[in-house]
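Here's the structure, in structure tokens; my notes come after.
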Amino acid sequence: EIDVMKKLAGLRVTAELKQKDVANIFGVTQGTVSFWENGVSKPSFDKIPLLAELYGVTEQEIVTACINSSTNMIHQEKIVKNDKLEQIIF
């Protein structure tokens with residue numbers, strides 16, 4: 001399974017684009033593009049077709065990566081909460 005979210009920065013660089021270029025294409029800020037590339041936030045559904053075309057991946061790969069990234073973030077938050085709870089108990 002390809003982790004598209006982690007590949008976005010590499011694909012952008014391969015396409016010889018800067019974050020600012022991608023931001024202009026999508027009508028978002030450079031910070032938003034950075035968030036996409038780092039998995040902090042996800043592109044909205046209306047941006048997925050153009051994002052897939054721009055980076056040469058399928059729309060399904062991007063949607064799957066977004067879902068997997070969200071699931072991983074939820075799992076990591078549970079681990080952090082459990083660690084904090086253990087610290088309080090012990």
Side-chain angles (χ1 to χ4, degrees):
E1 178 178 311
I2 298 172
D3 188 349
V4 177
M5 300 310 286
K6 289 184 179 180
K7 284 184 62 176
L8 289 181
L11 292 169
R12 175 182 52 76
V13 170
T14 299
E16 299 183 355
L17 294 169
K18 297 181 180 184
Q19 285 183 340
K20 186 174 183 176
D21 299 326
V22 176
N24 289 335
I25 291 169
F26 286 96
V28 298
T29 66
Q30 182 177 344
T32 297
V33 175
S34 175
F35 283 175
W36 294 346
E37 292 179 353
N38 291 299
V40 175
S41 66
K42 313 295 180 289
S44 59
F45 284 112
D46 64 318
K47 293 180 177 33
I48 290 175
L50 181 56
L51 189 61
E53 181 180 337
L54 185 64
Y55 291 122
V57 296
T58 67
E59 293 176 31
Q60 184 59 46
E61 287 175 301
I62 292 176
V63 170
T64 300
C66 289
I67 291 169
N68 289 342
S69 180
S70 293
T71 301
N72 289 339
M73 288 177 68
I74 291 168
H75 179 70
Q76 289 171 353
E77 286 177 12
K78 287 181 181 178
I79 291 171
V80 169
K81 287 179 183 176
N82 286 339
D83 285 346
K84 287 181 181 176
L85 181 59
E86 288 178 12
Q87 289 173 2
I88 293 169
I89 293 172
F90 296 106

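Treat the numbers as computed from the prediction; the structure is a model and nothing was measured.
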For [X] against [Y], the heavy-atom pair lying closest together:
X	Y	value
Thr58	Ala52	C-CB, 3.8 Å
Val28	Lys47	CG1-CE, 3.5 Å
Thr32	Ser41	O-OG, 4.4 Å
Leu8	Trp36	CD1-O, 4.0 Å

Between atom [atom1] of [X] and atom [atom2] of [Y], what is the distance when rounded to the nearest 0.5 Å?
X	Y	atom1	atom2	result
Glu37	Leu11	CD	CG	9.5 Å
Ile48	Glu53	CD1	CD	14.0 Å
Arg12	Leu54	CZ	CG	10.5 Å

Expected output: side-chain Asp21 to main-chain Lys18 donor-acceptor under 3.5 Å: yes
Hydrophobic cluster identity match, Val57 and Phe45, side-chain contacts under 4.5 Å: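 Yes, it is one cluster - the side chains of Val57 and Phe45 are joined through contacts under 4.5 Å.
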Same apolar cluster: Leu50 and Ile62, side chain cutoff 4.5 Å: yes
Steps toward side-chain contact (heavy atoms from CB on, under 4.5 Å) verdict (Thr29, Phe35): CA-CA 10 Å; Thr29 66; Phe35 283 175; over 6 Å; no
